[in-house]
*Asks:* 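My questions will all concern the structure given below.
Just so you know, residue 1 is the first one in the sequence shown, and it goes up from there.
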Amino acid sequence: MSAAPHPRELLLIGGGGEMTLSVDVAVQALEQARARGLRTHVTNRADTLAATPAVTAAADAATTVDFARPGDTADWAAGRAADGERPALVFGVREMAQEAVAATAHALELPGNPPAAVRRIRTKDACRAALAAAGFRQPAVRVCRDASEARAFLAATAGPWVVKPRDGADSAGVRKVTGPDDLPTALAQLPDREAPFLVEEFVDGGEFSVEGVFVGGSPRVLAVTAKEKLPPPYFVEIGHVLPADLPEGTRRSVEETVTAALTALELRFGLFHVELWLTAEGIVLGEVHVRIGGGWIHRMLPHVRPGLELYGTVYDDALGLPVDLPASLPAPERAAAARYFAPPEGRVTAVTGWDAVRTHPAVLHAELRVGPGDVVPGFRSGGDRVGAVVVGAATPAEARELARELVASVHFTVEPVEPVDAVDMGDDVPEVRVDLEPRPLTSSFRISHMTIETVDHLRLRLLQGGRTVGEGEITADSGYGQDGPAIAAEAEALARTLAAARDEAHHGADPVAPLRAALEKAAADGVGAPARMLVEMAFLDRAARRAGVPVWRLLGLPEPGRVRLLHTVPIGEDIPLDGRPLKIKLGGADDEQILRSLLGVPAPLILDANRGWDRQDWERLRPLLAELAPAVLEDPVRDPALLPAIRAALPGTAVVLDEGIATAGDAAFAVGTAGGLNVKLMRFGGILPALDALSDATEKGAARMLGCFLEPPRAIAYAAQLAGLCDWSDLDGHFWVSDDRPVPSYGLDSDAPGIPRIAYTPEPARGEAAAI
């Protein structure tokens with residue numbers, strides 16, 4: 001009598017990791033195999049098998065085999081096959097197991113990816129080199145063996161940069177650096193300090209990922225996901241929205257680029273998760289993975305594409321069963337979002353609101369792994385996450401907002417891990433560090449009374465345990481009377497005073513009120529506005545990070561929308577005719593000629609004379625100005641007594657004052673005499689006094705412009721949180737200070753805790769939604 005035929009088997013190499021998400025992925029993969037009549041066999045390290053009983057319970061068999069040694073895994077599987085236990089499929093859901101999966105499939109002549117192709121994508125620098133050779137945009141990268149090699153790369157390339165392991169996952173050890181001083185801390189946080197590591201150029205742009213499956217060896221895109229991350233220096237993802245709310249043309253371009261890249265990398269089996277940035281220059285590809293994405297994407301995809309079985313699709317294709325998945329899929333008709341909790345660091349004493357979230361009807365999955373008595377660590381990698389909420393909704397925007405609201409509705413009360421008394425704050429007193437570096441502009445900037453070539457770059461950091469917990473950044477220009485060294489000294493002294501004071505924010509009190517009072521006292525004591533702004537930025541950044549919210553939300557501001565910029569044209573430069581609002585710098589001998597050249601220009605005009613005109617100039621230029629009918633006339637004359645006549649002569653023009661408007665009294669004067677003002681944070685001393693001035697101007701119906709000096713991107717993004725309160729945003733000063741390419745508009749990554757970053761997502765086509 002012959003024995004019964006052995007059922008076909010799925011060999012799941014690497015099983016699941018100890019994190020809840022990894023266990024959930026592995027169990028789903030096993031369940032979908034069982035539904036197809038496959039016997040399942042899991043391999044993993046002994047300690048992980050013991051720590052993941054849900055995975056072993058879902059499998060028919062489990063064996064201890066170390067997936068970190070691909071050759072050993074392949075030899076073990078080949079030995080089983082020789083004994084008649086040959087699997088029908090080899091698969092893996094964990095990043096670190098993919099080389100063992102490929103090696104084993106190759107050894108058994110089963111469907112899989114070429115081992116060399118998997119090694120290439122798992123070695124990040126090799127993947128970058130392969131993509132660049134195939135014609136895809138890639139940041140410059142170098143494999144470094146020590147700090148001296150890293151410093152050499154920094155000296156030879158434009159920053160900022162990212163330090164990361166050559167082979168890793170969950171953003172562990174990934175850190176942004178802005179200069180050589182940041183390297184020691186970044187290198188100390190690498191998982192393996194003896195191994196070679198990567199330093200690569202930081203890519204500034206909206207971050208997305210593409211999820212899909214190979215069918216018949218060809219990639220099929222299932223969705224594009226919008227990624228939300230905590231602010232640098234770390235790169236921990238805080239949430240995802242699926243599908244990304246991209247214009248149709250952008251979505252198609254992303255999908256075509258990714259599928260072409262996967263083909264160029266010779267990948268052909270299983271699932272894929274490809275990360276990328278949308279920048280002003282186009283699509284820049286990031287890391288490539290032959291697994292499903294993290295962040296509960298495996299729960300989100302089946303919701304937005306009902307009936308989809310991710311792992312079952314792979315099994316059906318490999319077993320020769322029919323797969324109903326067209327080469328080009330329409331965008332999903334519903335959406336999902338996932339968001340992680342980011343409670344402040346410390347020991348949890350109470351959690352409220354969790355039960356209501358867990359039972360919300362739109363929740364697809366929710367977990368919270370901390371409660372009273374647990375210690376919440378800082379967020380440095382995916383392993384530091386303490387819980388998540390996954391929701392479904394009709395649209396990406398609704399899903400994103402609902403996930404944010406539900407996470408925000410759970411309140412954590414924490415206390416310092418070590419007792420803190422009212423006098424000695426111990427480790428809770430942050431170290432203050434101020435750095436100053438002269439920096440040449442990318443091009444000369446000429447206005448009526450000077451030409452600017454160089455600025456002083458100032459950065460103030462609040463450090464705890466060597467880690468940045470709050471950061472401010474400005475530039476100072478002597479032409480505007482801004483003395484960089486003096487500002488640095490003032491800011492450092494003020495920050496040390498604030499750091500040594502009792503930190504009520506850490507004890508649950510309003511973090512803004514005491515900071516506002518301290519800064520107002522500093523202003524009364526004569527501390528300059530630039531120093532106050534630098535300190536305010538760092539301490540508000542720290543308070544917002546602790547609260548797990550962006551600064552704009554901490555201050556109760558409306559969510560920043562897309563910032564549409566004026567096109568500033570310095571004196572002497574050609575005037576572009578691209579239809580954008582033009583801000584023309586005047587106040588020189590050629591003003592009449594410049595104004596005549598503007599006749600007939602089909603764009604709103606903002607004319608800035610920088611107080612360059614006297615009565616005679618005004619009378620001479622008045623007919624031209626009346627014919628041009630500019631949208632805004634900024635600081636036209638030196639004598640404010642002329643302003644009533646100017647407003648009467650140009651009834652459709654908003655007149656705003658800029659120079660010298662630095663206090664609440666100045667703002668009231670500008671509103672009363674000119675009917676409008678231009679608010680610059682560097683003059684007012686930060687976002688808090690600027691907010692007061694704008695709120696008062698709004699109540700009085702005055703014209704409001706938000707301006708800047710030549711400032712770094714972080715300071716510009718800080719100011720841009722107020723853009724929704726203004727009629728015009730003149731926030732392009734960073735294009736002369738940084739390597740950021742000028743664009744007509746940009747967004748903010750306005751969800752991450754702390755000060756947002758500028759997000760250079762593409763401008764949506766007319767009638768299409770803006771990209772997340």
Side-chain angles (χ1 to χ4, degrees), residues 7 9-35 38-81 83 85 87 89-105 108 122 165 167-173 191-192 270-271 289-296 298-299 310-311 340 365-371 373-377 380-388:
E9 181 184 78
L10 167 73
L11 182 59
L12 186 68
I13 295 177
E18 295 182 29
M19 293 178 63
T20 308
L21 186 150
S22 185
V23 169
D24 197 61
V25 169
V27 169
Q28 277 198 10
L30 292 168
E31 289 175 344
Q32 290 177 24
R34 184 183 295 276
L38 293 169
R39 184 177 186 273
T40 56
H41 193 135
V42 170
T43 71
N44 210 333
R45 293 167 170 163
D47 57 344
T48 313
L49 283 174
T52 54
V55 176
T56 53
D60 294 303
T63 302
T64 298
V65 185
D66 188 354
F67 59 82
R69 303 169 66 90
D72 290 356
T73 302
D75 290 345
W76 169 81
R80 288 184 74 240
D83 292 336
E85 295 184 283
L89 280 172
V90 176
F91 190 59
V93 296
R94 298 179 67 186
E95 175 68 26
M96 298 299 186
Q98 294 306 323
E99 288 189 55
V101 172
T104 304
L108 300 180
R122 295 219 64 255
D167 176 9
D170 282 334
S171 299
D192 183 352
L271 300 163
H289 308 275
V290 281
R291 56 160 172 83
I292 194 60
W296 300 96
H298 73 287
R299 291 268 186 152
L310 284 168
Y311 318 104
Y340 287 98
H365 173 80
E367 63 167 0
L368 183 61
R369 300 195 302 275
V370 296
D374 292 325
V375 174
V376 176
R380 295 171 178 82
S381 72
D384 293 326
R385 294 166 176 152
V386 299

*Asks:* Rounded to the nearest 0.5 Å, what separation is found between the CG atom of L10 and the CG atom of L30?
*Replies:*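 It is 6.5 Å, given to the nearest 0.5 Å.
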*Asks:* Restricting to non-hydrogen atoms, name the atom on A59 and the atom on V42 that form the minimum distance, rounded to 0.1 Å.
*Replies:*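 Shortest heavy-atom contact: CB-CG2, 3.5 Å.
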*Asks:* Assess whether side-chain contact (heavy atoms from CB on, under 4.5 Å) is satisfied between L21 and E367, documenting all intermediate values.
*Replies:* CA-CA 10 Å; L21 186 150; E367 63 167 0; 5.6 Å; no
*Asks:* Who pairs with D60 by side chain to side chain contact (heavy atoms under 4.5 Å, CB included), at least two apart in sequence or on another chain?
*Replies:*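 Testing D60 for side chain to side chain contact (heavy atoms under 4.5 Å, CB included), a comparison that skips the adjacent residues, returns R34, R39, T40.
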*Asks:* Please test Q28 against I292 for side-chain contact (heavy atoms from CB on, under 4.5 Å), starting from the C-alpha separation and ending with a verdict.
*Replies:* CA-CA 12 Å; Q28 277 198 10; I292 194 60; over 6 Å; no
*Asks:* To the nearest 0.5 Å, what is the distance between CG (L271) and OH (Y311)?
*Replies:*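 The CG atom of L271 sits 7.0 Å away from the OH atom of Y311.
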*Asks:* Can you list the steps and then say if T20 with W296 is a side-chain contact (heavy atoms from CB on, under 4.5 Å)?
*Replies:* CA-CA 10 Å; T20 308; W296 300 96; 4.2 Å; yes
*Asks:* Between Y340 and G295, what is the shortest heavy-atom contact and its length?
*Replies:*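 Minimum heavy-atom separation between Y340 and G295: OH-CA, 3.2 Å.
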*Asks:* So which pairs with a foot in residues 10-31 pass salt bridge (Lys or Arg N to Asp or Glu O under 4.0 Å), sequence neighbours left out?
*Replies:*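 Sorted result for residues 10-31: D24-R299.
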*Asks:* Under the side chain to side chain contact (heavy atoms under 4.5 Å, CB included) rule, collect the residues that match up with A100, sequence neighbours excluded.
*Replies:*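 For A100, the residues satisfying side chain to side chain contact (heavy atoms under 4.5 Å, CB included) (neighbours in sequence not counted) are I13, F67, P70, T73.
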*Asks:* Could you give me the CA-CA distance, side-chain angles and deciding distance for R80 and H41, then say whether side-chain contact (heavy atoms from CB on, under 4.5 Å) is met?
*Replies:* CA-CA 12 Å; R80 288 184 74 240; H41 193 135; 3.5 Å; yes
*Asks:* Which heavy atom in L11 sits nearest to a heavy atom in P87, and how many Å separate them?
*Replies:*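 The pair with the smallest heavy-atom distance is CB-CB, 4.1 Å.
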*Asks:* Who are the salt bridge (charged side-chain N to carboxylate O under 4.0 Å, His left out) partners of D72, not counting sequence neighbours?
*Replies:*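 Once residues adjacent in sequence are excluded, the partners of D72 under the salt bridge (charged side-chain N to carboxylate O under 4.0 Å, His left out) criterion are R69.
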*Asks:* Run through V25, T48, L12 and flag the one making a side chain to side chain contact (heavy atoms under 4.5 Å, CB included) with R94.
*Replies:*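 Output: one option passes, namely T48.
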*Asks:* Which heavy atom of A62 sits nearest to which heavy atom of L49, and what is that distance?
*Replies:*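 Closest approach of A62 to L49, heavy atoms only: CB-CD2, 4.2 Å.
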*Asks:* Taking only residues two or more places apart in sequence or in another chain, which ones pass side chain to side chain contact (heavy atoms under 4.5 Å, CB included) with A68?
*Replies:*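 For A68, the residues satisfying side chain to side chain contact (heavy atoms under 4.5 Å, CB included) (neighbours in sequence not counted) are R45, D66.
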*Asks:* Measuring from atom CD of E95 to atom OG of S22, what distance do you get when rounded to the nearest 0.5 angstrom?
*Replies:*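 Output value for this atom pair is 11.5 Å.
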*Asks:* What closest approach, in Å, do G16 and T52 show between heavy atoms, and which atom pair accounts for it?
*Replies:*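 Scanning both residues completely, I find the closest heavy atoms to be O-CG2, 3.7 Å.
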*Asks:* Which atom names give the shortest non-hydrogen contact between G270 and F91, and what distance separates them?
*Replies:*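 Reported closest heavy-atom pair: CA-CE1, 4.5 Å.
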*Asks:* For A74, enumerate each residue passing the side chain to side chain contact (heavy atoms under 4.5 Å, CB included) test, keeping only those at least two apart in sequence or located in another chain.
*Replies:*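 Side chain to side chain contact (heavy atoms under 4.5 Å, CB included) check on A74 returns A103, T104, A107.
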*Asks:* Drop me the distance from W76's CH2 to T63's OG1, to the nearest 0.5 angstrom.
*Replies:*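 That separation rounds to 4.5 Å.
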*Asks:* Verify, without hydrogens or angle tests, whether R291 (side chain) and M96 (backbone) share a donor-acceptor contact under 3.5 angstrom.
*Replies:*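 Such a contact is absent between R291 side chain and M96 backbone.
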